[in-house]
Each structure stands twice: as structure tokens, then as C-alpha cells.
Amino acid sequence: MKTIANIIWIVLGGLELAAAWAIVGVILCITIVGVPLGMQCFKAAAVSLTPFGHYVEYGGGAGSAVVNFFWIILCGWWLALGYVLAGILNCITIIGIPAGLQSFKMAKLAWAPFGAVIS
């Protein structure tokens with residue numbers, strides 16, 4: 001079932017989301033300062049491509065919290081807002097609820113990616 005859901009997700013925009021995250025990650029990794037941010041973009045790209053079947057576990061310590069604070073200020077809030085809006089729009093229809101729930105999962109990851117472990 002998750003394979004079919006992932007295929008539908010990819011066809012309906014997941015490929016573009018993953019490509020956008022990967023492109024931003026490559027651009028950020030060009031600079032030494034942007035490498036940590038770029039690595040988080042690659043993490044989000046992997047989950048954006050096939051979110052069904054991936055689980056995100058949040059942890060980390062004070063270091064992750066501090067870096068997540070700066071991430072939220074720079075770009076995390078608007079990325080998370082976009083995923084929340086997409087999740088709400090998907091959940092309006094019954095058939096879109098699974099995709100909406102995955103959008104909410106991505107919103108949480110976009111809000112605070114540092115310290116998150118994808119399994």
C-alpha cells in the first residue's frame with residue numbers, strides 16, 4: 001500500500017518537492033558555512049520523495065535546539081507554513097487525507113530538521 005501511495009505522491013508533486021530540496025541543498029553546500037543547512041535539505045529531499053513508510057524521530061540536544069532556532073528564523077517558518085497549508089488542502093477531501101498527514105509530517109521536519117533522524 002505504501003508503494004502505491006508513494007507513486008501517487010511522486011506523480012502529484014513529490015518529485016518536484018524533492019528536486020527543489022536537493023537543488024537548495026547543493027547550492028547551500030557550495031559554501032562551507034552552508035554545509036550543515038545543505039545536509040538538512042538533503043534529509044528533507046529524501047522524505048519528500050517517498051514520505052510513506054519513512055518515520056522521523058526527533059532528538060538532539062541543546063546544540064540542535066539552538067541551530068533549529070536560527071533555521072526557524074531564516075527559512076523554517078515559511079517552509080513549514082507551506083506544508084501545513086498543503087496538508088489542510090489535502091485533508092479537505094477524504095481521498096487526500098493520507099497525503100495531508102504526510103504534509104504535516106514534512107511541516108514538522110521543515111520546522112526543525114536538526115536532530116531529526118529518518119528511519
Practice task
Kindly compute the distance separating CG (L89) from OG1 (T93), expressed to the nearest 0.5 Å.
Solution key: 9.5 Å
Exercise for the section: Could you tell me whether the side chain of P51 reaches within less than 4.5 Å of the side chain of N6, counting heavy atoms only? Expected result: yes
Exercise for the section: Search all heavy atoms of G38 against all heavy atoms of C29 and return the closest pair with its distance. Expected result: CA-SG, 3.8 Å
Handout entry: Closest heavy-atom pair and its distance - A45, A22
Key = CB-N, 3.9 Å
Exercise for the section: Rounded to the nearest 0.5 Å, what's the gap from CG on N90 to CG on L12? Could you check? Expected result: 9.0 Å
Handout entry: Between OG on residue S48 and CZ on residue F42, distance to nearest 0.5 Å
Key = 13.0 Å
Problem - Approximate separation, where rounding is to 0.5 Å, of K2 NZ and I7 CD1 - result: 12.5 Å
Handout entry: CD1 (I32) with more than 12 external heavy atoms under 6.0 Å
Key = no
Exercise for the section: Please report the C-alpha distance between L28 and V35 in whole Å, then the side-chain angles of each, then the deciding distance to 0.1 Å, and finally whether the side-chain contact (heavy atoms from CB on, under 4.5 Å) criterion is met. Expected result: CA-CA 6 Å; L28 286 170; V35 170; over 6 Å; no
Completion exercise
Value for CD (Q102) from CZ (F52), rounded to nearest 0.5 Å, stands at 4.5 Å
Problem - Backbone N/O of V56 and side chain of K105: donor-acceptor pair under 3.5 Å - result: no
Problem - Euclidean distance, L109 CG relative to L79 CG, rounded to 0.5 Å - result: 10.0 Å
Problem - Common cluster, W71/I118, ILVMFWY with side-chain heavy-atom separation under 4.5 Å - result: yes
Problem - pair V84-S103: side-chain heavy atoms closer than 4.5 Å - result: no
Handout entry: Closest non-hydrogen atom pair between A116 and A112, with its separation
Key = CB-O, 4.4 Å
Practice task
Flag yes if W77 and L37 sit in one hydrophobic cluster, no otherwise; membership is Ile, Leu, Val, Met, Phe, Trp, Tyr, and two members link when side-chain heavy atoms are under 4.5 Å apart.
Solution key: yes
Exercise for the section: Verify the neighbour count for atom OH of Y58: are there more than 12 heavy atoms of other residues, nucleotides or ligands below 6.0 Å? Expected result: yes
Practice task
Treating Ile, Leu, Val, Met, Phe, Trp and Tyr as nodes and any side-chain heavy-atom pair under 4.5 angstrom as an edge, say whether Y83 and W111 lie in one connected cluster.
Solution key: yes
Handout entry: Taking every non-hydrogen atom, the tightest pair across A80 and A107
Key = CB-O, 3.5 Å
Handout entry: Closest non-hydrogen atom pair, V47 against M106
Key = CG1-SD, 3.2 Å
Problem - Common cluster, L49/F104, ILVMFWY with side-chain heavy-atom separation under 4.5 Å - result: no
Handout entry: Side chain proximity check, H54 to S119, heavy atoms < 4.5 angstrom
Key = no
Handout entry: In one Ile/Leu/Val/Met/Phe/Trp/Tyr side-chain cluster, 4.5 Å: V66, F114
Key = no
Fill in the blank from the handout: On a heavy-atom basis, the closest approach of C91 and G100 is SG-CA, 3.8 Å
